[in-house]
Amino acid sequence: MMDVHNNEIVEIFLTVADLMEIKGENPFRIRAYREASRVIGDMSEQVAQMVHDDRDLTELKGIGKDLAEKIREIVTTGQLEFLESLEKEIPASLLELMKIPDLGPKKVAAMYRELGITTMEDLKKAVEAKKISALKGFGEKTEQKIFKSISRPKKEFGRRTLLIDAEPSALAYKKYLESKPGVKSVNLAGSFRRGKETIGDLDILVTCDTGREKEVMDAFVTFEEVNRIYAKGNKKSAVLLRNDLQVDIRIVPESSYGAALHYFTGSKAHNLAIRRLAVQKKYKVNEYGVFDGSRQVAGKTERDVYEALGLHYIEPELRENMGEIEAAKSGRLPALIEPGHMRGDLHMHTTRTDGRNSLSEMAEAAKALGYEYIAVTEHSRKVAMANGLDEKDLREYMARIEQVNAQIEGIEILKGIEVDILQDGGLDLPDSVLKDLDIVIGSVHYQQRFPMKQQTERIIRAMDNPYLQILGHPTGRLLNKRDPMDIDLERIIEAAKEKKVAMELNAQPDRLDLPHNYCKFAADMGVTIVLSTDAHSTENLRRMANGITEARRGWLTKEDVVNTRSLGEMREMLKR
DNA sequence: GCCGTTTTCGGCCCGACTGTTTTCAGTCG
């Protein structure tokens with residue numbers, strides 16, 4: 001039995017879809033592969049485990065008999081015969097070329113067929129020899145566009161931007177557009193609005209005085225950060241910023257504002273499902289509204305759009321076609337957690353280890369945020385580069401915490417630790433001191449490259465320590481930098497349930513760890529979740545907002561998160 | 001390739017912009 005991960009199956013199916021597209025296969029068949037890969041990619045459960053347990057894969061939405069068999073083949077053999085036969089017909093290097101803007105499957109196929117182009121290098125030579133513009137269906141402008149694009153490093157295409165990195169440009173753009181005459185409203189939609197951890201591009205929706213659309217579009221493409229204009233019309237335009245962020249804009253009439261916001265917020269999968277539902281009800285949904293024949297029956301607000309289709313309003317964070325539409329039909333949507341629900345923060349560092357602010361500064365800042373309690377959780381000795389504490393250091397610091405706690409009014413400072421989980425699953429500090437703490441978080445910081453079985457068992461063994469209350473940043477992922485550890489997270493969450501250990505949702509914008517799909521899995525199992533900032537400065541305490549967004553994407557309610565509770569109730573719930 | 005209180009066969013979301021087109025294909029979201 002091989003450990004084939006969901007993301008490997010996703011990659012294989014996406015590659016199959018791309019290759020079939022170049023080959024010119026039936027688009028609906030291609031879509032089936034893409035749809036299946038999306039479903040698998042969003043799952044928390046490992047498909048390989050399902051195969052192993054002899055479960056019926058066709059229970060999964062979008063997976064029928066054929067794809068179930070292909071998944072089984074991938075899981076048992078580690079490869080897919082069908083993909084290999086496709087790769088014999090279509091060079092896989094063509095997929096790189098498809099990442100170039102304006103080059104899709106048809107054009108790439110034509111260049112391959114007519115000129116034998118398979119690599120970026122081939123393409124460059126053909127462009128320089130002016131062979132591209134000679135092809136039918138191609139012309140001077142297309143050749144120029146390709147020339148412009150291949151002079152850029154290829155890795156820049158398709159790279160996703162951390163939400164928090166996109167934020168400054170997004171807000172600056174919004175403010176800029178709002179200042180333009182004739183503009184009535186500017187809204188950021190797309191994955192930015194859905195609160196995805198990383199975004200592919202930025203989507204802006206604008207309403208303006210009728211007749212002034214062109215004026216607004218002129219302003220849009222002359223924003224100071226614009227580096228390149230991809231397309232410009234009166235309803236829709238697209239540009240590339242200097243920081244490589246692509247920005248799309250749509251201008252719509254106010255009567256269609258809700259439908260357009262819905263359409264432009266996505267996700268694509270959610271929109272497709274909504275449109276399919278509309279077709280069932282003999283309606284048509286587009287970005288201008290819900291239509292019964294040519295009559296608009298909804299569209300001014302998003303709520304109207306959902307109601308016209310017999311659905312409750314769905315929050316943007318849930319719009320991934322992961323069950324939210326079914327829940328909205330039957331009124332089973334969760335009441336999502338909100339920033340105002342948070343009453344404390346249970347993971348932070350101070351200047352005693354690698355933080356930038358003192359204990360009292362952190363406490364004052366937390367108090368200013370309206371919190372009732374915090375836990376100060378320094379690193380343990382193993383994390384030497386952060387001046388991690390040994391037992392003696394910790395005892396001293398605990399005394400210091402008690403001191404400050406006595407001095408400060410209106411907030412309770414709890415004595416905590418982020419103790420390192422050692423190679424063998426032991427903890428980096430003795431029980432004799434752990435037992436005297438209020439909050440014990442256990443985290444893996446070293447040896448993150450163990451094989452799955454070993455890594456999983458290491459973490460589960462750590463949870464056997466009766467003083468460990470919270471598993472910190474459970475996957476160890478750093479978005480765009482480091483993959484999650486190779487672990488069976490489902491098994492770990494099940495163990496957490498059994499041992500009454502809570503899972504942390506670490507709110508650092510490049511962690512957001514526990515990932516949302518596992519938040520949902522854990523909450524469904526009844527595992528307690530702690531939403532923490534892991535702040536290393538007073539400023540960082542505000543990152544709770546990022547964690548709230550991830551929690552909402554994971555369908556979490558106030559009840560699922562322990563630090564929405566009063567101090568007493570929270571402590572009771574974390575007791576083992 | 002999937003899917004079905006209209007169907008096990010015949011559908012499968014919908015529109016804007018661009019370029020190379022004399023009416024539309026390709027790409028994108």
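Just so it is clear: chains get the letters A, B, ... in the order the sequence lines come, proteins before strands, and each one is counted from 1.
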Does [X] pair with [Y] as a salt bridge, N-O distance under 4.0 Å?
| X | Y | result |
| --- | --- | --- |
| A:Glu320 | A:Arg194 | yes |
| A:Lys131 | A:Glu114 | no |
| A:Arg38 | A:Glu35 | yes |

Options [options], nucleotide nearest the side-chain atoms of [X]:
| X | options | value |
| --- | --- | --- |
| A:Val279 | B:dG29, B:dG1, B:dC14 | B:dC14 |
| A:Arg276 | B:dC13, B:dG29, B:dG1 | B:dC13 |
| A:Asp201 | B:dT18, B:dT27, B:dG29 | B:dG29 |
| A:Tyr288 | B:dC17, B:dG19, B:dG15 | B:dG15 |
| A:Lys70 | B:dG1, B:dC17, B:dG19 | B:dG1 |
| A:Lys236 | B:dT18, B:dG15, B:dG1 | B:dG15 |
| A:Lys141 | B:dT6, B:dG19, B:dG1 | B:dG19 |
| A:Phe28 | B:dC13, B:dT27, B:dC17 | B:dC13 |
| A:Lys106 | B:dC13, B:dC12, B:dT27 | B:dT27 |

Distance-only polar pair, side chains of [X] and [Y], donor-acceptor under 3.5 Å:
| X | Y | result |
| --- | --- | --- |
| A:Thr549 | A:Asn546 | no |
| A:Ser330 | A:Arg332 | yes |
| A:Ser169 | A:Asn243 | yes |

With a 4.0 Å cut-off on heavy atoms, is [X] in touch with a base, just the backbone sugar-phosphate, or nothing at all?
| X | answer |
| --- | --- |
| A:Phe138 | sugar-phosphate |
| A:Glu140 | sugar-phosphate |
| A:Ile63 | sugar-phosphate |
| A:Pro27 | nothing |
| A:Lys136 | nothing |
| A:Glu143 | nothing |
| A:Gly190 | nothing |
| A:Asn26 | base |
| A:Leu67 | sugar-phosphate |
| A:Lys268 | base |

Do A:Lys282 and B:dT6 have a side chain to base donor-acceptor pair shorter than 3.5 Å?
yes

Any side-chain N or O of [X] below 4.0 angstrom from OP1/OP2 of [N]?
| X | N | result |
| --- | --- | --- |
| A:Thr142 | B:dT20 | yes |
| A:Lys107 | B:dG26 | no |
| A:Asn286 | B:dG15 | yes |
| A:Gln280 | B:dG4 | no |
| A:Arg275 | B:dC14 | no |

Given the P atoms of B:dC13 and B:dT18, what is the spacing between them in whole Å?
26 Å

Suppose you measure atom C1' in B:dT20 against the same atom in B:dT27; what distance do you get, rounded to whole Å?
14 Å

Show your reasoning for whether side-chain hydrogen bond (donor to acceptor under 3.5 Å, both in side chains) applies to A:Asp18 and A:Thr15.
CA-CA 5 Å; A:Asp18 286 346; A:Thr15 308; 5.9 Å; no

